[in-house]
Amino acid sequence: MVNAIAPTLGPTPRRSIAQNQTKFELLDDGGLIARRIIALPEQEADVGAMLLRQVLWKAREHVGDGAATTAILYERIYNEGLRFIAAGADPMRLRACLTSLLPQVTERLQAQARQLRGDAELKALALSICYDEEMAAVLGEVVSTIGRYGQVDIRAGHGRGLEYNYVEGSYWKGGAQSKEMLRGYARPVAELRDAAILVTDMDIEEARELVPLMSLALRRGLRQLLLIAHSISETGLSVLLDKRLREKITTIVVKIDSFLVDEQARACEDIALLTGARPLLQKAGDSLERVRESDFGEARWVWADDKSFGFASGKGDPRQLRAQARSLREAYAAAKEDDDRQRLLERLGRLNGGLATVYVGGIAEDEIRQRKEIAERTVRALRSASADGVIPGGGMALLRCRDWLLQAAEAQADLESRAARLIMAKAVEAPIRQLLTNAGYDASEILARLGRAGEDAGFDALRGEIVDVAAAGILDVARVQVEALRRAVTSAGLALTIDALVLHREPETMTDP
């Protein structure tokens, strides 16, 4: 698995071919290559491969990049660990020494971090992730414009290139509960101006449930209303679509597309904050029959189509919005699970009030899908860079830890402590060696030249020159490299201490890592 992924590291990557029945894919994404490897024919080997597969996919999902670096670090730590175990090192003590050494190495990596300096560096970093100049320019501008927490929606395009636009406001997947509500507009999109908004998680089953709501709306003189509900019956829709009522008030009923009750409740809470509404929730004992004027929110512009809805310039309290955003940022920083982080990021983007949509095109459907996945990966990595900064790229940040590790090894008396530092010294050198090999250079020769070139030097594999890495814009996302090292050390240490395998006669094939 590592041999299939390692050639993809660096600015001159070699691609791997994945076959799926009659289709072939050319891939330079280590996480995707790992995901395409469903199973190995030998069961004992397959256990180790699937362990590494999960590690690499989680790394990709968590920070967007770094699967190839993780794979190379993992392999070197594991193989060097086996060598020391064969020489008499205790596996459990060796694993403990590796784990205790990890914070010291990551601290040295983080000490090299700095914030991005302008849009040019952001675009250069995007290029080092996606290797597509057009995509790097677009995504660099998008992330720079909407910020770390802004919503970025990556969609399949219809042309060969990339298109993008910005929309003020926030949106949710779900859309209008009847296409009849979209009739009469130039496009199949309903648009309301200075609309009232009512938020509820209820199922509206009877037409009579709408009577108090519509009576209050008419008394207030409302002309346009967005009603967010879990569902509405045909009889209820027939009332709202009645021509005589629509002449007085235009009502669009939308739903939030989620099967999770908690997620719907969170969406209702966010919409209420943005618009100044009070959500009517079943668990709170609310009902449409007791709706009050203060339950309505407002927004300057509302839109809905058959798949989503959104609004801009809501009348929510700015202080409450800032407090909620602060709370979500803290939860995002503390979250460990990738799914939780993604949900929190989406909520932050909506509260941020800005949306960028990028349409990724290509010649064929497979190419569009691959480019779309690369764009999503690049955006995740750029978000991490905006938050946690960048470090010298091209494997140099890791390599700068090598001399310290070698010196620390000489001061250790016991075998396992010394071995852990020697293993880590070999590991931090492995990514730059692989990068140089991928670019067609003699890694040992280039490393010798770098050793004489000074602390700020690095190798530009595209130009074939020793350069100042900061001046040349050769950067890596700090968090990606830290995560790669952390996952490689902990997972390889675990693998070194596995003594027994329990094999199923007919193992289940998992398509998702």
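Note that this is a predicted model, so its numbers are computed, not measured.
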Novice: Between Arg244 and Asp242, is there a salt bridge with N-O shorter than 4.0 Å?
Specialist: yes
Novice: Hey, does Leu109 have a side-chain heavy atom less than 4.5 Å from the side chain of Leu398?
Specialist: yes
Novice: Show the atom names and distances, to 0.1 Å, of all donor-acceptor pairs under 3.5 Å that link a side chain in residues 284-291 to residues at least two apart or in another chain.
Specialist:
residue : atom : partner : partner atom : Å
Asp286  : OD2  : Leu281  : N            : 3.0
Arg290  : NH2  : Gly285  : O            : 2.6

Novice: For the backbone of Arg380 and the side chain of Ser384, can you confirm whether one donor and one acceptor N or O come within less than 3.5 Å of each other?
Specialist: yes
Novice: Specify the closest pair of heavy atoms between Tyr166 and Val142, including all atoms of both residues, with the distance to one decimal.
Specialist: OH-CA, 3.6 Å
Novice: Give a yes or no on whether the backbone of Gly361 and the side-chain of Arg371 come within a donor-acceptor separation of less than 3.5 Å.
Specialist: yes
Novice: With rounding to the nearest 0.5 angstrom, report the CZ to CD distance, Arg347 to Glu263.
Specialist: 9.5 Å
Novice: I'd like to know whether CD of Gln115 has more than 12 heavy-atom contacts from other residues, nucleotides or ligands below 6.0 angstrom.
Specialist: yes
Novice: Could you check if a side-chain atom of Val253 sits within less than 4.5 angstrom of a side-chain atom of Met181, using non-hydrogen atoms only?
Specialist: yes
Novice: How far does CE of Met202 sit from CD1 of Ile232, to the nearest 0.5 angstrom?
Specialist: 13.0 Å
Novice: Dump the intermediate steps for side chain to side chain donor-acceptor pair (under 3.5 Å) on Arg350 and Ser170, then the final yes or no.
Specialist: CA-CA 5 Å; Arg350 291 176 181 125; Ser170 309; over 6 Å; no
Novice: Starting at CZ of Arg322, measure out to CG of Leu273 and round the result to the nearest 0.5 Å.
Specialist: 12.5 Å
Novice: Given 3.5 Å as the limit, does a donor-acceptor pair link the side chain of Glu367 with the main chain of Ile363, or not?
Specialist: yes
Novice: Tell me which one of Ile154, Ile368, Asn165 satisfies side chain to side chain contact (heavy atoms under 4.5 Å, CB included) with Tyr359.
Specialist: Asn165
Novice: Side chains of Arg246 and Lys243, heavy atoms from C-beta outward: is any pair under 4.5 Å?
Specialist: no
Novice: If we ignore hydrogens and angles and just use 3.5 Å, is the side chain of Ser308 paired with the main-chain N or O of Lys173 as donor and acceptor?
Specialist: no
Novice: I'd like to know if the side chain of Gln282 and the backbone of Asp201 have a donor-acceptor N/O pair within less than 3.5 Å.
Specialist: yes
Novice: Test side chain to side chain contact (heavy atoms under 4.5 Å, CB included) on Cys130 and Leu139; report intermediate values, then the result.
Specialist: CA-CA 10 Å; Cys130 66; Leu139 297 182; 5.6 Å; no
Novice: Treating Gln54 as the side-chain partner and Leu51 as the backbone partner, does any N or O pair qualify as donor plus acceptor under 3.5 Å?
Specialist: no
Novice: Test of understanding: with salt bridge (charged side-chain N to carboxylate O under 4.0 Å, His left out), list the residues that count as partners of Glu376, not counting sequence neighbours.
Specialist: Lys372
Novice: Measure across Thr99 and Pro103 and return the closest heavy-atom pair with its distance rounded to 0.1 Å.
Specialist: O-CD, 3.3 Å
Novice: If every non-hydrogen atom of Ile146 is compared with every non-hydrogen atom of Ala356, which pair is closest and at what distance?
Specialist: CG2-CB, 4.0 Å
Novice: Can you confirm whether more than 12 heavy atoms, excluding those of Lys255, are under 6.0 Å from its NZ atom?
Specialist: no
Novice: For Leu435 and Gly394, work out which heavy atoms get closest and say how close.
Specialist: CD1-CA, 4.0 Å
Novice: For the residue pair Gly395 and Asp476, what are the closest heavy atoms and their distance?
Specialist: N-OD2, 4.0 Å
Novice: How far does CG of Leu210 sit from CZ of Arg208, to the nearest 0.5 angstrom?
Specialist: 10.5 Å
Novice: Could you tell me the separation between the CZ atom of Arg487 and the OG1 atom of Thr70, rounded to the nearest 0.5 Å?
Specialist: 7.5 Å
Novice: Does any non-hydrogen side-chain atom of Ile256 lie less than 4.5 Å from one of Cys268?
Specialist: yes
Novice: Would you list the atom pairs, donor with acceptor, under 3.5 Å between side chains in residues 211-230 and any protein atom, with sequence neighbours excluded?
Specialist:
residue : atom : partner : partner atom : Å
Ser215  : OG   : Val211  : O            : 2.8
Arg223  : NH1  : Lys248  : O            : 2.8
Arg223  : NH2  : Glu247  : O            : 3.2
Gln224  : OE1  : Arg193  : N            : 2.6
His230  : ND1  : Asp203  : OD1          : 2.6

Novice: For Glu269, what residues pass the side-chain hydrogen bond (donor to acceptor under 3.5 Å, both in side chains) criterion, not counting sequence neighbours?
Specialist: Gln324
Novice: Keeping the roles fixed (side chain from Glu483, backbone from Gly66), state whether a donor-acceptor pair exists under 3.5 Å.
Specialist: no
Novice: Listed by chain and number, what are the side-chain hydrogen bond (donor to acceptor under 3.5 Å, both in side chains) partners of Glu180, not counting sequence neighbours?
Specialist: Arg183
Novice: Would you kindly say whether Thr357 and Asp153 are connected by a side-chain donor-acceptor distance under 3.5 Å?
Specialist: no
Novice: So does Glu133 have more than 12 non-hydrogen atoms from other groups sitting under 6.0 Å from CD?
Specialist: no
Novice: Quick one: do Lys307 and Asp305 satisfy salt bridge (Lys or Arg N to Asp or Glu O under 4.0 Å)? Show the steps, please.
Specialist: CA-CA 6 Å; Lys307 295 180 180 178; Asp305 58 25; over 6 Å; no
Novice: Mind checking side-chain contact (heavy atoms from CB on, under 4.5 Å) for Glu121 and listing every partner two or more places apart, or none if nothing turns up?
Specialist: Arg114, Leu116, Arg117, Leu475
Novice: Are Asp194 and Arg300 ion-paired here, with the side-chain N under 4.0 Å from a carboxylate O?
Specialist: no
Novice: If we ignore hydrogens and angles and just use 3.5 Å, is the side chain of Ser238 paired with the main-chain N or O of Thr235 as donor and acceptor?
Specialist: yes
Novice: Which atom names give the shortest non-hydrogen contact between Ala385 and Val390, and what distance separates them?
Specialist: CB-CG1, 4.1 Å
Novice: Asp340 vs Tyr332, test: side chain to side chain contact (heavy atoms under 4.5 Å, CB included). Steps then yes/no.
Specialist: CA-CA 8 Å; Asp340 293 338; Tyr332 177 78; over 6 Å; no
Novice: Is the shortest side-chain heavy-atom distance between Asp306 and Pro188 below 4.5 Å?
Specialist: no
Novice: Without swapping roles, check the side chain of Glu134 against the backbone of Leu162 for a donor-acceptor pair under 3.5 Å.
Specialist: yes
Novice: Going through the distances and angles, do Tyr171 and Gln151 end up as a side chain to side chain contact (heavy atoms under 4.5 Å, CB included)?
Specialist: CA-CA 9 Å; Tyr171 90 104; Gln151 281 182 279; 3.4 Å; yes
Novice: Indicate yes or no for a side-chain donor-acceptor contact from Thr200 to the backbone of Leu280 under 3.5 Å, with no hydrogens or angles considered.
Specialist: yes
Novice: Any side-chain heavy-atom pair from Leu52 and Tyr74 closer than 4.5 angstrom?
Specialist: yes
Novice: Do Phe311 and Thr275 have side chains that approach each other closer than 4.5 Å (heavy atoms only, starting at C-beta)?
Specialist: yes
Novice: Which label fits Trp301 and Trp303: parallel for a plane angle under 30°, tilted from 30 to 60°, or perpendicular past 60°?
Specialist: tilted
Novice: Going through the checks in order, is the side chain to side chain contact (heavy atoms under 4.5 Å, CB included) test met by Val358 and Arg155?
Specialist: CA-CA 6 Å; Val358 180; Arg155 300 184 182 182; over 6 Å; no
Novice: Heavy atoms, side chains only, cut-off 4.5 Å: are Asp257 and Trp172 in contact?
Specialist: no
Novice: Got a second to check how far Arg329's CZ is from Leu351's CG, nearest 0.5 Å?
Specialist: 9.5 Å
